[in-house]
Amino acid sequence: MQPEIVSSSNISFEEYRNQILKDYKIATISRECSLLGRREVLTGKSKFGIFGGGKELPQLAMARVFRNGDFRSGYYRDQTFMMAIDQYTIEQFFAGLYAHTDINKEPFAAGRQMGGHFATHSLNEDGSWKNLTQQKNSSSDISPTAGQMPRLLGLAQASKVFRNEKSVSDFSDFSVNGNEVAWGTIGNASTSEGLFWETVNAGGVLQVPMVISIWDDEYGISVHAKHQTTKENISLILEGFRRDENHEGYEIIKVNGWDYAALMDAYETAEELAREKHIPVIIHVKELTQPQGHSTSGSHERYKSEERLNWEREHDCNKKFKEWIIDHNIATTEELLDIEKEAKKAVRKGKNTAWNAYLSEIKNEQTEAITLLKAVEGISKNKNFISPLISVLESKEEPIRKDILEATRKTLRYITKESFIEKTNLQNWINSYIKTTQGKYSDHLYNDYDSKVININEVKPEYNENSELVDGRIIIRDNFDNIFDRVPETLIFGEDSGKIGDVNQGLEGLQEKFGEIRISDTGIREATIIGQGIGMAMRGLRPIAEIQYLDYILYCIQGLSDDLATLRYRTFAKQKAPLIVRTRGHRLEGIWHSGSQMGGLIHLLRGIHLLVPRNMTKAAGFYNTLLDSDEPAIVVECLNGYRLKEKMPANLPETRTPIGIVETIKEGTDITLVSYGSTLRLVEQASKELLAVGINAEIIDVQSLLPFDLNHDIVKSVAKTNRILVIDEDVPGGATGYILHKLIDEQNIYQYLDSKPQTLSAQPHRPAFGTDGDYFSKPSVEDIFEKIYDIMHEANPENYPKLR
């Protein structure tokens, strides 16, 4: 029987046969990795495992049409695909399982993510971009279900921008005429998530070149599809998104995951539509299996019927592939058995190589520690307490670093009152070891290269006799005008950002000047607005994603926290996404649009700069500073500042607001007042009124919360005034609690204080509506005045008699 054609390429039968047998070898190796990986977890060498067994064939088909420059945005079942595009080896599979902290051995995350989370390297050793068109790319995976989908949208949209926007036509390291496809993968149960539906809708509207593969094995962990999906069929309920002669939409393809020939046809069709015509495609890959269950934390025999288990054994895609190869006379049973034997041997060898590489590094550290401990043991009066610690450490045949530090640090407790060189040597070793080792788990949360944003020097605004008083929005607008002129890769998008120039006219007239690609409107869908930004930033563009109000940040907190904030960290500085998020908040009236979620953002978004300018000149300077660097940030403009008058700087394009640096906006001697954003105006008013009763306050504008006061300038102020009050409109213990932590734990201001450090925040609820609602919900000028007066009363009741 003549074999079916599974490729459009005009190749000989021998080439065709070799290609198929190579696929079989990869599928077999991948399955063996899954099987042996599970055993490694169950024997305790790894904490957890989640594998791609049962999904091998469709991933081989996807790999066949995946080209240089393309990007994958997937989830933790895609190991076969990564092997098929030559970006994943057996040794790397096991290095990830063991959490090897060497980025050269575990190139996806240096052990920071559990195995099955993939990433390629987009950056050179100095943090600069590689040529992304000359390699196959995978954006770094995250575990939250469907969390990869918003980013997929942006990765695909970048191709549309590169194809249609003249200003970036020469960005040849990032795109070849927008021909790159973004390939997304997701499990059938995860399509229940809102992020999936928001992304599908946005992709259909934007008509971007993305192909979404839905791996369907009828279950989501232990829960059957009947509890997951209406009609138990995701492609059936997606039919409304299908394109027709009158409407743009998706090409929807359904294919069985065990049918090798049909899979190849399906993916070739999808590639052609997406790559050439920028038509999005959804491929519903049905009748897949999960032969090892969801993960190593449980067995699928607990929730699948015997009938289902038997069906899965018969329809296992590797088994079906083997039968297809034999039935079509491509190879004999004996030839395939030889491939299987070689695969088993290669996986066992790779596993041993990876384990030895992981363990030898720690064993060497163990030997160093034992040598130092024995030297201490030989001279210490407390030998009887130290010897058991050494014995326990020596007995560890497979030590971890925790074992080493437990033994060495506990030893120091027994020799605190002794003094000898061996003790000093041990102390120095522990300090050096902790410093070096901590970096393996903590480095690269932010940019560590010379290009980091905190290296950019301040350029203050300059004024002359011609400097006009204008609305704050004019300053923002003119600054963006300049940015889009001088930085061709910038673009901004959001609700109302395009045609009307945003709700406060900070982008007024810019769409008409720069076009609808660079200044664009979006639907009401915050999560995918952020996803657009992340994906496009990962492909060399400089997107500014506009979230209309600070309250709406909550819609996209998952993508910001789990994806953007962790990207540089979780890839060990091998990927970056310098997205700027523009939003506005503070000091409106009512529960919505007037919240101040700073405390939540500070703690959820470590890895993203959080900037809180008090006026539009400062905000403009922040955008200029950020575009000189390559780090993600959120800029919170003051909602009530767009109509307030400011002087137009003569050097607006050159201004740079420093990040991590506070500004003293009024000097004083009696108390230090620390605040930010719109609340500063109230603080300034209160300080003027305080002068009437003899209190001279110093006012400091925080400017940025992440990072915070890198030069420790606030402590210098407190050393002069000996008192401090932190004021904002967040809930009690929110940003003010964070600020006090920084000042007490890092700046040690307590040594200069003559009064208790205090905070003044809003009530622990959202603001009530109306001017009176605002007055009683957030700090007022009177609240600030009286709080400061009470502090001074406590210090000097004679000069400051009690107010009330």
Side-chain angles (χ1 to χ4, degrees), residues 460-482 496-497 500-510 546-551 582-590 593-596 598 611-624 634-653 655 657 662-666 673-689 699-704 727-730 762 767 770-771 773-775 777-785:
K460 293 180 180 294
E462 297 174 358
Y463 304 97
N464 54 42
E465 64 277 6
N466 297 319
S467 295
E468 292 183 80
L469 271 177
V470 298
D471 288 349
R473 73 174 188 89
I474 301 297
I475 290 174
I476 280 289
R477 183 200 65 187
D478 289 1
N479 193 66
F480 278 131
D481 193 345
N482 176 266
D496 295 321
S497 298
I500 70 168
D502 88 40
V503 290
N504 299 105
Q505 283 74 62
L507 300 170
E508 180 187 26
L510 298 188
E546 183 164 318
I547 302 300
Q548 193 166 84
Y549 297 110
L550 184 61
D551 307 68
R582 180 192 182 209
T583 188
R584 50 192 66 81
H586 311 309
R587 300 313 302 199
L588 275 193
E589 299 171 0
H593 308 339
S594 56
S596 182
M598 292 303 161
L611 311 178
V612 283
R614 68 180 183 269
N615 58 36
M616 299 305 156
T617 302
K618 288 290 183 180
F622 274 138
Y623 291 118
N624 296 339
I634 297 175
V635 181
V636 184
E637 298 169 11
C638 295
L639 245 177
N640 57 2
Y642 296 104
R643 304 295 173 184
L644 295 180
K645 300 297 184 182
E646 298 180 37
K647 271 191 174 184
M648 174 64 76
N651 63 334
L652 183 62
T655 58
T657 306
V662 303
E663 181 181 6
T664 301
I665 59 177
K666 176 188 174 299
L673 307 180
V674 176
S675 190
Y676 58 88
S678 294
T679 308
L680 270 165
R681 298 190 194 101
L682 281 71
V683 173
E684 289 183 280
Q685 179 60 39
S687 72
K688 293 175 184 176
E689 297 176 12
I699 304 175
I700 294 179
D701 180 6
V702 166
Q703 300 201 103
S704 72
I727 310 116
D728 78 348
E729 58 182 77
D730 199 5
T771 301
D774 176 76
Y775 187 86
S777 300
K778 293 187 174 184
S780 65
V781 171
E782 287 70 37
D783 293 330
I784 298 167
F785 180 101

Does a side-chain heavy-atom distance below 4.5 Å link [X] with [Y]?
X: Glu546; Y: Leu507; answer: yes
X: Val662; Y: Gln703; answer: no
X: Asp478; Y: Leu652; answer: yes

For this session: Consider only side-chain N and O atoms of Glu729 and Ser596, and report whether a donor and an acceptor are under 3.5 Å apart.
Result: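 Result is no, nothing qualifies.
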Under the salt bridge (charged side-chain N to carboxylate O under 4.0 Å, His left out) rule, collect the residues that match up with [X], sequence neighbours excluded.
X: Asp783; result: none
X: Glu508; result: Arg473, Arg477
X: Arg681; result: none
X: Glu637; result: Arg582

Would you please name every residue forming a side chain to side chain donor-acceptor pair (under 3.5 Å) with [X], sequence neighbours left out?
X: Asn651; answer: none
X: Ser687; answer: none
X: Asp730; answer: none
X: Lys666; answer: Asn696

Please list, chain by chain and in numerical order, all residues satisfying side-chain contact (heavy atoms from CB on, under 4.5 Å) with [X], sequence neighbours excluded.
X: Asp496; answer: Ile500, Val503, Gln548
X: Asn466; answer: Asn464
X: Ile665; answer: Arg614, Glu663, Leu680, Glu684, Ile699, Asp701
X: Asn615; answer: Thr617, Lys618, Glu646

Exercise. Checking side-chain contact (heavy atoms from CB on, under 4.5 Å) against Met616, which of Ile476, Asp471, Ile474 comes through?
Worked result: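 Option passing the side-chain contact (heavy atoms from CB on, under 4.5 Å) with Met616: Ile476.
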